[in-house]
There are 2 protein chains.
Amino acid sequence: MAKNCNFIDKLREVGLRPTKQRVKMCEVLFNREKTFHFTINDLVKMISEQMNQKISLATVYNTVHAFEKKGYLKEISIDSHKSYFDTNTSIHHHFFDEDTHELIDCDESDIDPVNIKKNITGKKINSVEVLIKVASDNQTQK
Amino acid sequence: MAKNCNFIDKLREVGLRPTKQRVKMCEVLFNREKTFHFTINDLVKMISEQMNQKISLATVYNTVHAFEKKGYLKEISIDSHKSYFDTNTSIHHHFFDEDTHELIDCDESDIDPVNIKKNITGKKINSVEVLIKVASDNQTQK
DNA sequence: AATATACATTATAATAGTTCTAAACTATTG
DNA sequence: CAATAGTTTAGAACTATTATAATGTATATT
Ligand SMILES: [Mn+2]
Ligand SMILES: [Mn+2]
Ligand SMILES: [Zn+2]
Ligand SMILES: [Zn+2]
């Protein structure tokens, strides 16, 4: 449980009060080997299970958005019918599995830098991200 | 008004009845020089203005989805808070202006082919699309 | 440690975007 | 000119998200 102290400090650093809901949320989100993608519903389920009690949906929304504003989380728009968040807040590319609706991060080394030859006058480029949609290869070839 | 006949034929070809709502929708969507991006609300407004009468929201939704299924329209996921559609149904890249929330198509020649070095086993790549987020360049440099 | 304050959580209500429903309407077929 | 199948419509229902306001908790002040 030494990890919790880290989260309390981390929360304090960015001016968020370390309530038990937020610390638990940090555990669920950040106390893991690899970054991951989730929906609000996923998250509510995970937190409720780990706390053995309900957490208010509004709190999850508010806190996710607070984390987003502080740069702890990033919103990913892949499917207009669903909102995905990402604990990997860097600019990065994704595979999207159209069968399972699963998002998979693309390593820097998996894709060559994208070369953009045009620019919009008066505008600067903030990010360049690639989305690769994949689906199962059931070609039933004769 | 010779164009309308084209739309009637076009609709028949794909098995949609050429009702006056659908023909009007075709005019608004396809009777123009360049392809464009729109939201359902944009479209309802445009159609209502051009018909000088209300069109049911349900009809616009239903017909947009019918067109989408038939491959006349493509849904674009840029902003999970809003659904954009595109009359350019090809696989293509976009600039997204974060100031105005405007989508701009990227010409094939504006960007070098994206080279993907990894693949997901058992999955084939269906599309590779790049999203370039831009914003005004007010660097107020001294 | 007790109190005051600011901030957070909660249940619930409100909103907005989208889809469903069933009745009225229209295009097509015979 | 029916009969039929498909379409439009208004409005209800549904879902995701945000707002509200009362209650609770963390922190600062004494
Ligand atoms: Mn958001
Ligand atoms: Mn859709
Ligand atoms: Zn990611
Ligand atoms: Zn486009």
Side-chain angles (χ1 to χ4, degrees), chain A residues 4-5 7-29 38-45 47-48 50-70 72-73 75-85 101, chain B residues 4-5 7-28 37-45 47-48 50-70 72-73 75-85 101:
Chain A
N4 285 7
C5 292
F7 292 136
I8 290 173
D9 294 346
K10 195 178 177 186
L11 286 166
R12 283 228 177 81
E13 269 168 31
V14 294
L16 295 175
R17 282 193 180 168
T19 61
K20 73 174 193 293
Q21 289 86 349
R22 279 178 181 158
V23 172
K24 175 53 71 180
M25 200 174 269
C26 281
E27 281 179 47
V28 172
L29 290 175
F38 62 93
T39 65
I40 295 286
N41 269 5
D42 294 341
L43 190 54
V44 170
K45 238 175 274 175
I47 294 168
S48 297
Q50 291 208 18
M51 290 208 303
N52 290 337
Q53 63 172 292
K54 292 268 162 292
I55 185 171
S56 164
L57 191 57
T59 296
V60 177
Y61 271 105
N62 291 340
T63 309
V64 163
H65 284 130
F67 284 164
E68 189 187 4
K69 192 180 296 178
K70 297 296 182 182
Y72 286 7
L73 291 176
E75 192 168 3
I76 307 282
S77 297
I78 257 68
D79 178 345
S80 53
H81 306 222
K82 234 178 187 178
S83 229
Y84 287 86
F85 290 86
H101 281 204
Chain B
N4 286 8
C5 293
F7 291 135
I8 290 172
D9 293 346
K10 195 178 177 185
L11 286 165
R12 283 228 176 81
E13 269 167 31
V14 293
L16 295 175
R17 282 190 182 171
T19 62
K20 74 172 190 299
Q21 290 86 347
R22 280 180 182 157
V23 172
K24 174 55 69 180
M25 198 173 272
C26 281
E27 282 179 48
V28 170
H37 308 100
F38 62 92
T39 65
I40 295 286
N41 269 7
D42 295 341
L43 190 54
V44 170
K45 240 176 272 175
I47 294 169
S48 297
Q50 291 208 20
M51 289 210 303
N52 291 337
Q53 61 172 294
K54 293 266 160 295
I55 185 172
S56 163
L57 191 59
T59 297
V60 176
Y61 271 105
N62 290 339
T63 309
V64 163
H65 283 131
F67 283 164
E68 189 188 4
K69 192 179 297 178
K70 295 297 179 180
Y72 285 8
L73 291 176
E75 192 167 5
I76 306 283
S77 297
I78 257 67
D79 177 347
S80 54
H81 306 222
K82 234 178 186 177
S83 230
Y84 288 84
F85 291 86
H101 281 203

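Hydrogens, waters and symmetry mates are skipped; everything else that's a heavy atom, side chains included, is used.
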What's the closest nucleotide to the side chain of [X] if the choices are [options]?
| X | options | result |
| --- | --- | --- |
| B:Gln21 | C:dT9, C:dT18, D:dT8 | D:dT8 |
| A:Tyr61 | C:dT9, D:dA16, D:dA10 | D:dA16 |
| B:Ala58 | D:dT9, C:dT9, D:dT7 | D:dT9 |
| A:Pro18 | D:dT8, D:dT27, C:dT10 | D:dT27 |
| B:His65 | D:dT17, C:dT19, D:dA10 | C:dT19 |

Spacing between [X] atom [atom1] and [N] atom [atom2], to the nearest angstrom:
| X | N | atom1 | atom2 | answer |
| --- | --- | --- | --- | --- |
| A:Lys82 | C:dG17 | NZ | C1' | 17 Å |
| A:Tyr84 | D:dA16 | OH | C1' | 14 Å |
| B:Phe38 | C:dG17 | CZ | C1' | 16 Å |
| B:Asn41 | C:dG17 | CG | C1' | 8 Å |
| B:Asp9 | C:dA27 | CG | C1' | 15 Å |
| A:Lys69 | D:dT18 | NZ | P | 12 Å |
| B:Phe7 | C:dA27 | CZ | P | 18 Å |
| B:Gln53 | D:dT8 | CD | P | 12 Å |

What closest approach, in Å, do [X] and [Y] show between heavy atoms, and which atom pair accounts for it?
| X | Y | result |
| --- | --- | --- |
| B:His65 | B:Glu68 | CD2-OE1, 3.1 Å |
| A:Met25 | A:Val64 | SD-N, 4.5 Å |
| A:Leu11 | A:Tyr72 | N-OH, 4.4 Å |

Dump every N/O contact between nucleotides 12-15 of chain D and the protein below 3.5 Å, one line per pair.
none

Kindly say if [X] contacts the phosphate of [N], meaning a side-chain N or O under 4.0 Å from OP1 or OP2.
| X | N | result |
| --- | --- | --- |
| B:Arg12 | C:dA27 | no |
| B:Ser83 | C:dT18 | yes |
| B:Thr59 | D:dT9 | yes |

* When the nearest nucleotide of DNA chain D is assigned to A:Asn62 and to A:Leu57 on a heavy-atom basis, which residue is associated with the more 5' position? ->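 Final value for this comparison: A:Leu57.
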List the residues meeting side chain to side chain donor-acceptor pair (under 3.5 Å) with [X], not counting sequence neighbours, and say none if there are none.
| X | answer |
| --- | --- |
| A:Ser77 | none |
| A:Asp42 | A:Thr39 |
| A:Ser48 | none |

* Taking ring-ring contact (aromatic ring centres under 6.0 Å, His included) as the test, write out the residues that go with A:Tyr84, two or more places apart. =>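 A:Tyr84: no ring-ring contact (aromatic ring centres under 6.0 Å, His included) contacts found.
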* When you look at B:Cys26 and B:Lys10, which way does the side-chain contact (heavy atoms from CB on, under 4.5 Å) test go after all the steps? -> CA-CA 9 Å; B:Cys26 281; B:Lys10 195 178 177 185; 5.7 Å; no
* To do: Not counting sequence neighbours, which residues clear side-chain contact (heavy atoms from CB on, under 4.5 Å) with B:Thr59? List them please.
  =>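 By the side-chain contact (heavy atoms from CB on, under 4.5 Å) rule, B:Thr59 matches B:Gln21, B:Ile55, B:Ser56, B:Thr63.
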* Got a sec, which residues hit side-chain contact (heavy atoms from CB on, under 4.5 Å) with B:Glu13, two or more places apart in sequence or on another chain? ->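 Not a single residue meets the side-chain contact (heavy atoms from CB on, under 4.5 Å) criterion with B:Glu13.
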* Without swapping roles, check the side chain of A:Arg12 against the backbone of A:Pro18 for a donor-acceptor pair under 3.5 Å. =>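 No: the side chain of A:Arg12 does not pair with the backbone of A:Pro18.
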* Asked: Parallel under 30°, tilted from 30 to 60°, perpendicular over 60°: which one fits the rings of A:Phe38 and A:Phe85?
  ->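 A:Phe38 vs A:Phe85 ring planes: parallel.
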Could you run down the sub-3.5 Å N/O contacts of the protein with nucleotides 21-25 of chain D?
none

* Asked: Is A:Ile55 touching bases, backbone alone, or none of the nucleic acid, heavy atoms closer than 4.0 Å?
  ->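 Sugar-phosphate contact only - A:Ile55 comes under 4.0 Å of backbone atoms but never of a base.
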* **Name of the residue among A:Lys24, A:Gln53, A:Glu27 meeting side chain to side chain contact (heavy atoms under 4.5 Å, CB included) with A:Ile47** =>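 Testing A:Ile47 for a side chain to side chain contact (heavy atoms under 4.5 Å, CB included) against A:Lys24, A:Gln53, A:Glu27 leaves exactly one candidate, A:Lys24.
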* Between the two ends of the helix from C:dA1-D:dT30 to C:dG30-D:dC1, what is the bend in degrees, rounded to 10 degrees, where each end axis spans five pairs? ->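 The helix from C:dA1-D:dT30 to C:dG30-D:dC1 shows an end-to-end axis angle of 20°.
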